[in-house]
Amino acid sequence: MSSPFAVVESLLHEFYTPTTPNARKREIEVELLAFKNQSESWKTCLSAVSNATTFEQNHFLWFFATSTLDHTITRRWMQLGSSDRALLRETLWHTYANLACASAKRQRDTYAQLIALLGKRQFPDEDPNYLAHCIALTKTNFSLGICLLRTTSEEVVSSREDVSTDRKQYFHSCNSILEFLSCVQHLVSWMNTDLLSEYFFMSILDLSQWRSNRQDISLNGLSVLNELLYLQKPLPFSNILMSGVNGLLDQYHSSNKQHDEMYTDKFRELLRLYAIKYWPRMLDDLEVLEAFLNSLYCWTIHRNGAYDFTEKLEIWTPIIKGISAHNKLNRFYEIVQLLVPEIMRRTQFEYNKTELELLDNELMEDNTQTEWQQYITQCIECIALIAEPRSSEVFALVFSHWGRPYMYLRSLENDVDCGKTFDFLRKMKSQSLPENLRDFTTICQAVVRIIPLLENNNSELGNEINYHLNEFAENLWTVLKFLISNKLTVFDVDKSIFQTDFDYLYAQVLMAIRSILPLSNILKADQKLVTIFEALTNIFQTNNLLRGCTIIQMAASQLLLCISSVIRPKSLLEFPAIINIMQSGPRLSHLPSQVQANIYISIVSYLILPWKNVDERGQDYEHRSIMLREYVDSLARSFLQLDLNTINSAIIAESKISSMSLNLLTTFSLVIEYFKSSPNTSKDLLSTAFKPIITKALMIYNTFGQSSNIIATTVADFSLSVLHTLQTQLGTQFIKEMINLFITVNSRDQLSISTAAVIEKILQMFQLIVKHPGSASLTMIPSILDFTFAYIIPLLQQDDNIKYSGDITSAVYDLFDSILNYKWQYFYKFYVQPNGISSFQNAMNGSNGAITSTTENLHPEHFMAIMNAYGQILISGNDPNIVRIVLNSLQSVHDRWRLYQRPLFKDNLLASFQSALISVLLTGEGALHFDLLANTLFNMSQVDNIKMRESFAQAGLPINMKLIDEICLTKDIPTFSQKLTQLIQDAHCVHLTQN
C-alpha cells in the first residue's frame, strides 16, 4: 500500500497536469486540505522539508509541505506537545543552518519564516536561546543569520495577531540584538532608540560612505540612516549624527567619483529629513550650521539634471524658513541668497540649454502642467521663499536677467520697422526664437511672483528698486504695444515652432502688468491704460488673431478684474474700450465660461464696490444701482423673456432653455459667488439686480425640475451660489419659499439616483441655511429633516445605489452634524442665567461647565432619528469616510453640548452606541478609526463606566475582566487608548487561535 505522502505527491502531480479538468482539481483540493488537517501530517511534511534536495526535485511537493508546517504552527500550535515543538524547532534549525550558499532565495526565506514563527511563540520560555542562536548564525553564515534576523523583526511588528502583546514585549526589550542593528534596517523602525550606542551610529555613518566596489553596503547604510530620521522621536548621540552627515556631504561634493543614481536619491532623502529634524539643533552651534550651509550650497549647484536640482532645492525649504524667522541668523542669509542667481541661470536657455531642452513641454492628459512648467514653477517658488524677508534684494537679482530677452524682442520689432526682412525671417526660423521667448516668460513669471512681496514690504523700497519697477513697467507696456500690433504676422512664417511659447509669453506679460499695477503710477496714466484696454478689447473679440487662446483670454480677464476690483478707478467707464466691453456683454458667449465670468465680475465690481480715493458722498451709489440693473438685465434679457407657458415638454424645455440660458446661469453662479466676502452695501445692490433672475430660475425649476436633469442641476447650483452670498439680503421669507420649492418639487415622486447631483446641491443648501447665524432658520428645520428622512435616506438604503451615493451620504451626515452643532436650540431650549448671560452665549464662549439648557428635548423624534442614522452607519460601516464623519460629529457635539450627559441619550442610546463602537473596534476596519473610536468610548465611559463595562462584557470578549475594569475606570485618554489597544490585540489573538 502506498504511503500517505506518496498519495499526496501523486495528487499534486495530477493537479498541476494541464489536462486535469477543473472539477477534478476541486476534488483534489478537498483531499489535500483533509491531509493538511490530520494531526500527524506535519511530521510527514517535516521529513520531506528536512531533505533540502526536495526543493529541486519537486517544487510543488516542497511548497505544499512548508505550507502545511506554517498551518500547523499558526493554527494548531496549542495541540502540539512539548516534544513535538522541540522536534519542529531542531529539524528546521538544522536544515536551515546547513543550506548551501547557492540555495534559492525563496527556499531560504521560507525556512527563515517558519523558524521565526516558532521563535515568536517559544522565546523566551521554551527557547530562551533563540536570539543567541540567531547571533551565532551571523558569525558562521552571515547571509543566513541576517535573513533570519530580518524575518524575525518583520514578524514581531507584523499586523498578524497570532501572538499576544506580552509576548511581543519580550522581543522589544531584548538587549543582546543591539550589536547587529547596523546590519538590519528593519529593526531600527521599532526598537527603543535609547538602546542605540555611539558605536552603532559611527558604524552606520561609515557604512553609508560611497563605495563604488560595494554599492549595496553604501545603499543599506543610507537606508538605515533614513529609517532613523523618519522616526518621530529624538535620537541619542545627535552630535555624532550631525557631524557624520556633514562629513558625508563634504565627501559627496568634493569627490570626483560618479555616484550611483539610487545612492544619489537616498542621499537627497537623507539631507531632506536631516534638515527638517535637526534644524533646531543646528541653531545651537552656528559653526556647524555655517559649515553645513556652505557644503550644501556647493552640493546643490553641482549639475546633475533638472529633476535633481529641484529635489535639492526642496531640502532648502525648512532652512530658508528657519533663517528668515531668526534675526540672529542674518549673516547666513547671504549664503541662501546665492541660490537666486544660480536658480535664474538654471532656468535660462542662455546658460542651461543642455538640461532645459530635455524637459518635455507637451501637456499630459492627467496633469495641468507640463514637465517644463513644473520645473520652472518649483524654481520660482524657491526664489519667492528666499524673497520673503528681503524682497527688494531678490527682485534686483531677478530683474538683472531681464535685459537680454527683452532686447531680443525689441530687435524683432526693429527688423520689421526698418524693413530688414532677411534678418527678421532668419530669427523667426531660428531655434533661438522659442528659447528667447521662454526665457522672457520665465523672468516675467519670477517677477510676477515676487512683486506681491514688494507690496507687503512697501516701506523698504528704495530709489534703485523704484527705478527698476518703473523701467519694468515701461518695458512691459512697450512689449504689449508690440504684441497687439500683430507685426509678427506681417510675413508668411511657419508659426508652429514658436506659437505655444508666444502664447505663454503674451499671457505672462498680461499677468506681469496685473501684478505691477498696484505699485506703478506709470501704468495708471491714461495713455498707458488706453493701450492696455485696447489689448483687452482685441483679445475678447471673436475675430482676433490669437486663435482663441484660452490662457491669453484668461490672463486678459484677470487683468481687467484687477483694475476694476483692486485699483478701482472712478474714471473706468470714461474709456471707450471699457464701454465697448460692457456693451458686448451678451455677445461674449464664444469665450470660456470663467473668462466671461471674470469680465462680468469686473463690470459689476466697478458698479458695486467703493471707488478708491473717493469719499462716501462721491460714490454715487444710486446712479450705479440703476446702471447695474440695466447691465444685468442686458445680460439676462433673453433668459428673463422666456415664456414658460409655451413650453409643454422637457425635451422642448432643454432645447429652448438649456444652451444659452443655462450657460448664463452657470456664469452668474461664478459672478455671485465672487462677492460672498464683500460689504453689505455691495451685496444689497447685487441682490436687487439679480432678484428677478433668481425668481425666474426658481420658476423654471418648479416647472421642469423633475423632468429635466440638466435644468434641475444648473438651477440648484445657481441657487447654492445665491445662498452663499445673498442669504441675508434676500430675507428669511424669500429663502423659506425657495427651500420649500425645492422640497415640494422633489417630493412629488420617489427620488432616484439619476438626480444625485441635484440632491447633493439641495443638501448643501440646507447646510448653508442651518449654519447661517441667528434663529430664523429654526422654522425650516422640521421640513428639512422630514424631507431628508422621508425621501433621501430611503434612496441611500437601496443596495444597487451604494457606489453612486457616497457624495449624497456625506452631504446628509454633514447636514445632521451642522444641525446638531449650530442649531442645538432646536432640540434644547436655552435660558438666561442670573448673571444675564444666556446659556447659548456660554456655550459659544467655550464653557464646558454644568449643562445650562433645559433637559427636556423639544423634538425627540428628530433627535432620535439622527442618532439612529448615526448608529446605522457605525453598524454597517460600508464607507470609512462616512464613519469618520459620524465619529467626528459625535465628538464635536459632545464637546460643545455635552451630548452623552443628556437624559434622552444617556437613558436610551448610550449602551447601544457603546456596543456599536466596540463592534467596530473588533472589525478589520477598527484600526482605521482607532483614535476617534478610543476618544468617543473614553468620553462615554466618563458618563457611565458601569454601562461601559456591561457593553464590553456583552461583546463576548474572551479576556480577563480585570483588564476591562481597568479600561472603564481610567481617567485619562492616553492610558485608556493604551489599554484598549492591548485588549483589542489580545482579543484578536485568542480568536485566531481558537479558530
Side-chain angles (χ1 to χ4, degrees), residues 698 701-702 705-706 716 719-720 722-724 727-728 730-751 755 758-797 808-831 838-840 843 853-873 885-886 889-890 892-893 896-897 899 902-905 908-909:
L698 294 175
Y701 189 86
N702 185 42
Q706 267 203 319
S719 301
L720 185 61
V722 168
L723 285 175
H724 260 131
Q727 190 171 165
T728 300
L730 290 172
T732 303
Q733 187 58 37
F734 188 92
I735 299 299
K736 189 173 183 178
E737 290 173 2
M738 176 194 292
I739 291 304
N740 284 337
L741 172 67
F742 279 102
I743 290 175
T744 301
V745 170
N746 288 282
S747 301
R748 291 170 183 165
D749 285 311
Q750 196 67 33
L751 297 176
T755 61
V758 180
I759 299 303
E760 185 183 354
K761 299 293 181 187
I762 293 173
L763 287 166
Q764 290 171 358
M765 284 188 241
F766 291 167
Q767 196 173 159
L768 282 176
I769 289 169
V770 168
K771 286 185 174 182
H772 196 67
S775 57
S777 63
L778 288 175
T779 58
M780 302 181 217
I781 291 180
S783 55
I784 287 174
L785 285 175
D786 287 341
F787 172 71
T788 303
F789 283 111
Y791 291 91
I792 300 180
I793 294 294
L795 174 67
L796 300 178
Q797 291 171 346
I808 302 179
T809 308
S810 176
V812 165
Y813 287 91
D814 281 338
L815 171 63
F816 290 161
D817 176 66
S818 297
I819 292 173
L820 290 169
N821 272 298
Y822 293 93
K823 290 297 179 282
W824 183 255
Q825 64 267 43
Y826 176 71
F827 299 111
Y828 290 96
K829 186 177 180 180
F830 295 107
Y831 61 85
S838 71
S839 59
F840 182 76
S853 56
T854 56
T855 56
E856 182 180 352
N857 195 299
L858 302 176
H859 296 91
E861 69 289 348
H862 282 153
F863 182 84
M864 292 296 288
I866 292 176
M867 290 298 127
N868 286 330
Y870 276 14
Q872 286 298 319
I873 288 296
I885 290 175
V886 168
S889 179
L890 287 171
S892 65
V893 175
R896 201 170 190 178
W897 307 114
L899 170 66
R902 303 286 168 174
L904 184 60
F905 188 95
N908 299 282
L909 298 167

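Keep in mind the model is a prediction, meaning the values are calculated, not measured.
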- Query: Any side-chain heavy-atom pair from Phe905 and Asn857 closer than 4.5 angstrom?
  - Reply: no
- Query: Is Tyr828 close to Leu858 at the side-chain level, that is, under 4.5 Å between some pair of heavy atoms?
  - Reply: no
When the side chains of residues 731-740 are checked against the rest of the protein, which donor-acceptor pairs come out under 3.5 Å, sequence neighbours left out?
unit_1 : atom_1 : unit_2 : atom_2 : d
Gln733 : NE2    : Glu737 : OE2    : 3.2
Asn740 : ND2    : Lys736 : O      : 3.3

- Query: Between Asn821 and Ser892, do the side chains contain an N or O donor and an N or O acceptor separated by less than 3.5 Å?
  - Reply: yes
- Nearest-0.5 Å distance that lies between atom CG in Asp786 and atom OH in Tyr791: 10.0 Å
- Query: Knowing that exactly one of Asn868, Val886, Val812, Ile885 qualifies, which makes a side chain to side chain contact (heavy atoms under 4.5 Å, CB included) with Ile873?
  - Reply: Val886
- Task: Please examine the side chains of His772 and Leu723, heavy atoms only from C-beta on, and report whether any two atoms are closer than 4.5 Å.
- Result: no
- Query: With Phe827, which of Trp897, Phe863, Tyr822 fulfils ring pair (Phe, Tyr, Trp, His ring centres under 6.0 Å)?
  - Reply: Phe863
- Message: Against Phe816, only a single residue in Val893, Leu785, Val770 fulfils side chain to side chain contact (heavy atoms under 4.5 Å, CB included); can you say which?
- Response: Leu785
- Task: Can you see which heavy atom on Phe787 is nearest to which on Ser747, and at what distance?
- Result: CD1-OG, 3.5 Å
- With side chains defined as the heavy atoms from C-beta onward, is the minimum distance between Leu815 and Ile784 less than 4.5 Å? yes
- Message: When you compare the side chain of Tyr701 with that of Ser719, does any pair of heavy atoms fall below 4.5 Å?
- Response: no
- Message: I'd like to know if the side chain of Tyr813 reaches the main chain of Ala869, judged simply by a donor and an acceptor atom lying under 3.5 Å from each other, with no hydrogens or angles considered.
- Response: yes
- With sequence neighbours left out, what residues match Leu778 under side chain to side chain contact (heavy atoms under 4.5 Å, CB included)? Ser775, Ile781, Lys823, Gln825, Tyr826
- Are Tyr870 and Ser889 close enough that a side-chain donor and a side-chain acceptor fall under 3.5 Å? yes
- Task: Identify, with sequence neighbours excluded, every residue that meets salt bridge (charged side-chain N to carboxylate O under 4.0 Å, His left out) alongside Lys761.
- Result: Asp717
